[in-house]
Amino acid sequence: MTEVRVRFAPSPTGALHIGGGHTALFNWLWARHNNGKFILRIEDTDLVRSTKEYEQTIMSGMVWLGLDWDEGPDIGGNYGPYRQSERLDIYRDYAEQLVSEGKAYRDGEAIIFRVEPGQDISFRDIVYGQIDVMSDGLREKDSDKLKDIVIIKSDGMPTYNYAVVVDDHMMRISHVIRGEDHISNTPKQILLYRALGWEVPEFAHLPMILGKDKKKLSKRHGATSIYEYRDMGYMPDSMFNFLALLGWSAGDDREIFTRSEAAEWFELSRVTRKAAVFDFDKLNHINQEHLKRLDPSVRLGMVRPFWVEAGLPVADVEAKRGVKYLEDALTLMEGRGRTAKEMAEFSDYFVSFEPVKARWNADGLDKDKLRPFFGAVFSSEWKAEKLEEAARSWVGGHEGAKMKDYAMPLRFALTGMKVSPGIFEVAEHLGREECESRLKFYGLL
RNA sequence: GGUCCCAUCGUCCAGAGGCCUAGGACACAGCCCUUUCAAGGCUGCGACGCGGGUUCGAAUCCCGCUGGGACCGCCA
């Protein structure tokens with residue numbers, strides 16, 4: 001069996017979007033599953049829209065997702081160059097060859113490939129199966145005229161359908177894995193492979209990703225670029241996991257997995273044919289699951305930037321109480337919040353008293369009634385179990401007193417929140433000194 | 001207009017003729033747990049688009065219809 005070589009070939013005319021990330025991901029999975037090579041090729045033949053900045057952005061998006069490539073414009077490889085704009089001579093040479101063989105003709109500066117009728121250009125797609133097409137089907141829009149294929153544009157640049165064939169062949173691509181929107185381009189490319197006398201690679205088309213309204217994902221659906229998800233607090237592991245599940249499954253109930261597990265289990269033959277809807281609820285759930293499984297130190301790394309962004313003195317706290325204090329705070333938060341950003345918002349009181357004060361209001365609070373309770377709690381050893389014990393025995397000793405009537409004010413005073421982890425755990429972690437100072441600030445102690 | 005593709009719960013996936021009174025996950029509803037909210041546990045709601053075949057038997061195979069989608073650019 002020949003080596004598996006696949007490629008992701010974005011054009012640097014925009015950021016890495018969800019659809020692109022999905023395609024790149026499946027290529028990566030197939031390469032890694034087969035111990036093959038994953039190649040990054042930049043298709044920058046659209047002179048006006050391509051920029052180096054976008055090329056950079058796309059690469060950093062892939063790095064964020066954890067998709068590393070083995071050959072590419074930045075690291076080179078044996079089949080470069082990996083930027084189409086640097087391969088112009090190659091395209092030119094083969095185009096001239098086609099002209100000299102009478103298979104293509106000139107039209108001004110452009111070179112056009114002649115499409116002969118009556119040819120069977122069917123192919124077998126790994127995902128979609130047999131796709132039957134005749135060259136007679138290649139017609140111009142709203143016309144019955146057969147359409148020849150432009151291969152070199154008037155500006156000297158190759159067209160997509162032509163460059164892709166030349167590059168995939170020369171880069172020894174074994175499997176062309178790309179979006180379903182390319183199925184109808186494939187027969188044209190097969191024509192070119194045949195004219196050039198080259199072996200046709202395997203094709204595997206991937207289902208499209210749709211928005212909630214079942215229309216192709218676009219700006220209207222909100223976040224479409226990968227980075228927006230990073231900024232919202234989604235983790236690359238989750239994004240990877242979620243995207244992998246769009247159009248593929250391991251065949252059983254395994255839904256939460258790592259990159260290497262996915263690579264191990266992945267099979268092109270298990271890819272679905274139906275377009276998939278991008279569902280935020282599912283993404284949220286997957287993110288939450290990954291957030292739960294994270295190492296404390298990694299989790300802190302995810303959440304920290306959002307605390308900093310909110311203007312909280314994270315560095316000070318780290319210096320004063322140690323990194324472990326923050327890590328443990330987040331361990332307490334486990335299962336709360338579906339994104340790192342939410343988790344940061346829900347736990348700000350561990351970092352600073354300021355946001356607590358900002359949320360505070362004393363409406364309906366009977367401080368005189370509360371003080372004896374807090375006094376009893378503070379007379380206990382500063383351990384969650386002991387604190388709870390003290391609280392329960394105080395409540396038990398006062399006719400008609402209910403735990404929630406006391407625990408809730410305590411929670412609100414300490415956190416400024418109506419919801420939090422167990423309040424005695426929170427108190428223990430905050431520490432006696434800090435709790436005392438917070439309660440005293442409000443005159444509750 | 002032409003060519004091609006798709007069609008199982010609201011959504012993502014299982015299902016490759018009998019194991020399906022169609023399974024799991026998300027979402028939703030309820031219950032349990034409980035100092036709150038999550039998490040967790042349990043229960044419920046909920047789908048094979050329609051019509052013909054083939055077969056002893058069809059979600060699974062075939063045909064038609066309907067409904068979606070992609071492409072038809074000197075964009076990729």
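Just so we're on the same page: letters track the sequence lines, and every chain starts at 1.
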Need one value for [X]: base, sugar-phosphate or nothing, where a base atom within 4.0 Å counts as base even if backbone is also close, heavy atoms only.
X        : answer
A:Glu43  : sugar-phosphate
A:Thr45  : sugar-phosphate
A:Lys147 : sugar-phosphate
A:Lys402 : nothing
A:Ala110 : base

Can you check nucleotides 69-71 of chain B for protein contacts, nitrogen or oxygen pairs under 3.5 Å, and list what you find?
from: B:G69; atom 1: OP1; to: A:Lys215; atom 2: NZ; distance (Å): 2.6
from: B:A70; atom 1: O2'; to: A:Asp181; atom 2: O; distance (Å): 3.3
from: B:C71; atom 1: O4'; to: A:Ser184; atom 2: OG; distance (Å): 3.0
from: B:C71; atom 1: O2'; to: A:Ser184; atom 2: OG; distance (Å): 3.4

**Prompt:** Under 30°, 30 to 60°, or over 60°: which ring-plane class applies to A:His22 and A:Phe26, parallel, tilted or perpendicular?
**Reply:** tilted

**Request:** Describe, in one word, how the ring planes of A:Trp198 and A:His169 are oriented to each other, choosing from parallel (under 30°), tilted (30 to 60°) and perpendicular (over 60°).
**Result:** parallel

**Request:** Tell me which of A:Ser249 and A:Gly137 sits closer to the 5' end of RNA chain B, going by the nucleotide each one is nearest to.
**Result:** A:Gly137

**Complete:** Closest to the 5' end of RNA chain B, once A:Lys274 and A:Glu334 are matched to their nearest nucleotides, is A:Lys274

Whole angstrom value for the distance that separates [atom2] of [N] from [atom1] of [X]:
X        : N     : atom1 : atom2 : answer
A:Asp213 : B:G10 : CG    : C1'   : 14 Å
A:Arg49  : B:C75 : CZ    : P     : 10 Å
A:His205 : B:U3  : NE2   : P     : 20 Å
A:Asn287 : B:C26 : CG    : P     : 15 Å
A:Asn284 : B:C26 : CG    : C1'   : 10 Å
A:Ile42  : B:C75 : CD1   : P     : 19 Å
A:Tyr160 : B:C72 : OH    : C1'   : 15 Å
A:Phe113 : B:C74 : CZ    : P     : 15 Å

So what's [N] paired with, Watson-Crick or G-U wobble, going by both distances under 3.5 Å?
N     : value
B:A16 : none
B:U21 : none
B:G64 : B:C50
B:U36 : none
B:A70 : B:U3
B:C45 : none

**Request:** Give a yes/no verdict on a cation-pi contact between A:Lys357 and A:Phe441, requiring under 6.0 Å between NZ or CZ and the six-membered ring centre and an angle within 45° of the axis.
**Result:** yes

**Message:** Does A:Arg259 qualify as a cation-pi partner of A:Phe240, given the criterion of NZ or CZ under 6.0 Å from the six-membered ring centre and within 45 degrees of its axis?
**Reply:** yes

Determine: side-chain N/O of [X] to OP1/OP2 of [N], distance under 4.0 Å, yes or no.
X        : N     : answer
A:Arg270 : B:G15 : yes
A:Thr272 : B:A14 : yes
A:Ser143 : B:G1  : no

salt_bridge([X], [Y]) N-O dist < 4.0 Å:
X        : Y        : result
A:Arg392 : A:Glu385 : no
A:Arg7   : A:Asp167 : no
A:Arg41  : A:Glu43  : yes
A:Lys103 : A:Glu101 : yes
A:Glu261 : A:Arg254 : no
A:Arg124 : A:Glu202 : no

Could you measure between the two [atom1] atoms, the one in [N] and the one in [M], and give it in whole Å?
N     : M     : atom1 : result
B:A59 : B:A7  : C1'   : 12 Å
B:C13 : B:A22 : C1'   : 14 Å
B:G57 : B:G18 : P     : 14 Å
B:A47 : B:C20 : C1'   : 13 Å
B:C61 : B:U21 : C1'   : 24 Å
B:G44 : B:C5  : P     : 42 Å
B:A27 : B:C6  : P     : 31 Å
B:G67 : B:U55 : C1'   : 29 Å

**Fill in**
Sequence neighbours excluded, the answer for ring-ring contact (aromatic ring centres under 6.0 Å, His included) partners of A:Phe424 is none

**Asked** Taking A:Glu425 for the side chain and A:Pro421 for the main chain, is one N or O donor matched with an acceptor at less than 3.5 Å?
**Response** no

Heteroatom pairs (N/O) under 3.5 angstrom, protein to nucleotides 27-37 of chain B:
from: B:U35; atom 1: OP1; to: A:Arg392; atom 2: NH1; distance (Å): 3.0
from: B:U35; atom 1: OP1; to: A:Arg392; atom 2: NH2; distance (Å): 2.3
from: B:U35; atom 1: O2; to: A:Arg411; atom 2: NH1; distance (Å): 3.2
from: B:U35; atom 1: O2; to: A:Arg411; atom 2: NH2; distance (Å): 3.0
from: B:U36; atom 1: O2'; to: A:Lys418; atom 2: O; distance (Å): 3.2
from: B:U36; atom 1: N1; to: A:Arg411; atom 2: NH1; distance (Å): 3.4
from: B:U36; atom 1: O2; to: A:Ser420; atom 2: N; distance (Å): 2.9
from: B:U36; atom 1: O2; to: A:Ser420; atom 2: O; distance (Å): 3.2
from: B:U36; atom 1: N3; to: A:Arg411; atom 2: NH2; distance (Å): 3.0
from: B:U36; atom 1: N3; to: A:Ser420; atom 2: O; distance (Å): 2.6
from: B:U36; atom 1: O4; to: A:Gly422; atom 2: N; distance (Å): 3.3
from: B:C37; atom 1: O2; to: A:Arg336; atom 2: NH1; distance (Å): 2.2
from: B:C37; atom 1: N3; to: A:Arg336; atom 2: NH1; distance (Å): 2.9
from: B:C37; atom 1: N3; to: A:Arg336; atom 2: NH2; distance (Å): 3.1

**Prompt:** Between B:A76, B:G1, B:G40, which nucleotide has the shortest distance from any of its atoms to the side chain of A:Glu289?
**Reply:** B:G40

